[in-house]
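Bear in mind that the values here come from a model prediction, so they are computed numbers and not experimental data.
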Amino acid sequence: MGDEQEEQQKLKRIAAASYNYDNDARWADYWSNILIPPHMASRADVVDHFKRKFYQRFIDPGLIVEPMSLSGSAQPTKQTSSSSMPANDQARPRSSASTSRTPGPNATANSSSGAAPPTMRWDRQTIQFSVNAWVFVLALLSIIPLIPVKHSNRAYRLSFMGTACSSLYSLYSLYGTPRAWNLQAVQMWLQSIVATKDFIYFMYSVMFVTSQLCLKFALIPILCRSLELVAKFLRRNFSRSNLYRKYLEDICVWVESNGTTLSILSSHAEVGLGFLLIVSLLSWQRNFIKTFMYWQLLKLMYKAPVTSGYHQSVWTKIGRTVNPAIQRYAPFLDTPLSVAQRWWFR
């Protein structure tokens, strides 16, 4: 019986290792929300461990994932970093294991002896939660029709400013600053952050907070992002609260179980904004530079692993709808569209 189970687990591990994670949009979203130091995120054993965790959660719950071994590291200098992996794994998004964790006797002893508890991560998460909750409230206020236009526009810009600050703080917490202030070091640092969701939303927020246009439609991705982050924080840290269980638990559970739906909604809104900016070129508020920069950002979203799955799906739907109509009614647009496609895929 034990041999059969071991053989089944061996087959499951082979299936997990051969699974095409790159074509699964859920993996990109899952990996982007795991908070680990950059030097550990580049290690193949760490990536493989979280891939097995992802496979266990979304594909095959029967797969048994062993905790990362401290003795498996070849270099002694990496053992300290490896020892923190189980904690990070337990506290990853969409896992409620951390909410049931209670301070053990060692933590009580350290507290009584005057040792400072490791609260840096908690402080960072609390700051992020506060900013994201503030952004969510402001974004809601800006789209409510009963709010005066002056206050609505102010809340609109403040919500983008809050998202930019939240994304920038998250980038600083995870990636720090360049090791040296020279061209090569800055380029390496930018290459490590340019495809992250925090960098994308930082650029997205900066573009709209500095634009003369007031497109309330642009708040949809901001609302989805802040709602998802707030719900995750509440589920991790307030699951035992009576107030949370009575009023917020159903909403937070729905948000976490429909993260893919929110990402699809955000991608549709982001692509739609690109066409709205093209239409705005016909108005007196036109800005060719901002429009071109936003389409460059759309290219990044199309190629970045954390957003590519959703954006490619949107563009596939657009192609299926538009291409037959162009070939039938406007074949003269084939040449300009070919030029645009070469620029897009370049």
Side-chain angles (χ1 to χ4, degrees), residues 19-44 46-51 53-55 57-59 88-89 91-95 128 132 135 163-164 166-175 188-207 218 220-233 255-274 294-316 344-345:
Y19 183 73
N20 193 350
Y21 295 91
D22 294 335
N23 290 337
D24 194 333
R26 296 174 301 178
W27 162 248
D29 184 61
Y30 177 87
W31 178 246
S32 66
N33 287 302
I34 293 177
L35 304 179
I36 55 176
H39 71 279
M40 298 191 67
S42 61
R43 288 174 49 182
V46 176
V47 177
D48 292 340
H49 174 77
F50 282 107
K51 282 184 176 180
K53 283 289 186 181
F54 170 86
Y55 191 88
R57 182 174 182 83
F58 294 99
I59 308 299
N88 287 335
D89 186 29
R92 71 184 189 278
R94 301 176 186 169
S95 174
Q128 289 281 60
N132 290 318
V135 167
T163 303
S166 173
S167 302
L168 189 63
Y169 181 71
S170 180
L171 287 172
Y172 174 76
S173 301
L174 295 175
Y175 299 94
M188 293 179 59
W189 181 76
L190 287 175
Q191 289 175 359
S192 65
I193 69 170
V194 72
T196 61
K197 186 176 290 187
D198 289 321
F199 179 81
I200 290 173
Y201 274 101
F202 171 74
M203 296 302 301
Y204 179 87
S205 302
V206 168
M207 285 185 185
I220 293 178
I222 300 300
L223 279 169
C224 293
R225 176 184 182 271
S226 58
L227 178 62
E228 188 173 3
L229 293 176
V230 167
K232 287 179 180 179
F233 182 87
V255 170
E256 286 211 68
S257 60
N258 290 274
T260 302
T261 303
L262 294 176
S263 298
I264 293 173
L265 176 62
S266 297
S267 61
H268 279 78
E270 289 156 0
V271 174
L273 280 168
Y294 185 78
W295 277 89
Q296 288 284 357
L297 183 61
L298 282 181
K299 283 180 61 177
L300 176 60
M301 293 177 180
Y302 184 86
K303 298 177 181 179
V306 292
T307 53
S308 60
Y310 306 109
H311 276 255
Q312 290 175 10
S313 176
V314 174
W315 285 108
T316 301
W344 182 263
F345 293 109

Q. Is there a side-chain contact between D198 and F202 (heavy atoms, below 4.5 Å)?
A.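 D198 vs F202: side chains apart.
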Q: Answer whether the closest heavy-atom distance between the side chains of T163 and Y204 falls below 4.5 Å.
A: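 Side-chain contact under 4.5 Å: no.
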Taking only residues two or more places apart in sequence or in another chain, which ones pass side-chain contact (heavy atoms from CB on, under 4.5 Å) with [X]?
X	answer
S173	R124, Y169
L223	F136, A139, L140, I143
L190	V186, I193

Between the main-chain N or O of [Y] and the side-chain N or O of [X], is there a donor-acceptor pair closer than 3.5 Å?
X	Y	answer
Y30	K53	no
S266	L262	yes
S167	A164	no

Minimum-distance pair of heavy atoms, taken over all atoms of [X] and [Y]:
X	Y	answer
V306	T196	CG2-C, 4.2 Å
A231	E256	O-OE2, 4.3 Å
S226	V135	CB-CG1, 4.3 Å
E228	V255	CA-CG1, 3.8 Å
H311	V271	ND1-CG2, 3.7 Å
L297	M203	CD1-CB, 4.1 Å

Tell me, please, which residues at least two apart from [X] pass side chain to side chain donor-acceptor pair (under 3.5 Å).
X	result
K51	none
S308	none
Y21	none
S166	Q128, N132

Working to the nearest 0.5 angstrom, can you tell me the gap between [X] [atom1] and [Y] [atom2]?
X	Y	atom1	atom2	result
S170	Y175	OG	OH	8.0 Å
I200	E270	CD1	CD	8.0 Å
L273	I220	CG	CD1	7.5 Å
H268	L265	NE2	CG	8.5 Å
H49	R43	NE2	CZ	11.5 Å

Q. Parallel, tilted or perpendicular: which fits the ring planes of W344 and W295, with parallel below 30° and perpendicular above 60°?
A.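 It falls in the perpendicular class, over 60°.
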Q: List for me each residue that meets ring pair (Phe, Tyr, Trp, His ring centres under 6.0 Å) alongside Y294, sequence neighbours excluded, and say none if there are none.
A: F208
Q.
For residues 294-314, which residue pairs pass the salt bridge (charged side-chain N to carboxylate O under 4.0 Å, His left out) check, not counting sequence neighbours?
A. none
(Q) Against Y19, only a single residue in Y55, W27, F58 fulfils ring pair (Phe, Tyr, Trp, His ring centres under 6.0 Å); can you say which? (A)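 Passing option: Y55.
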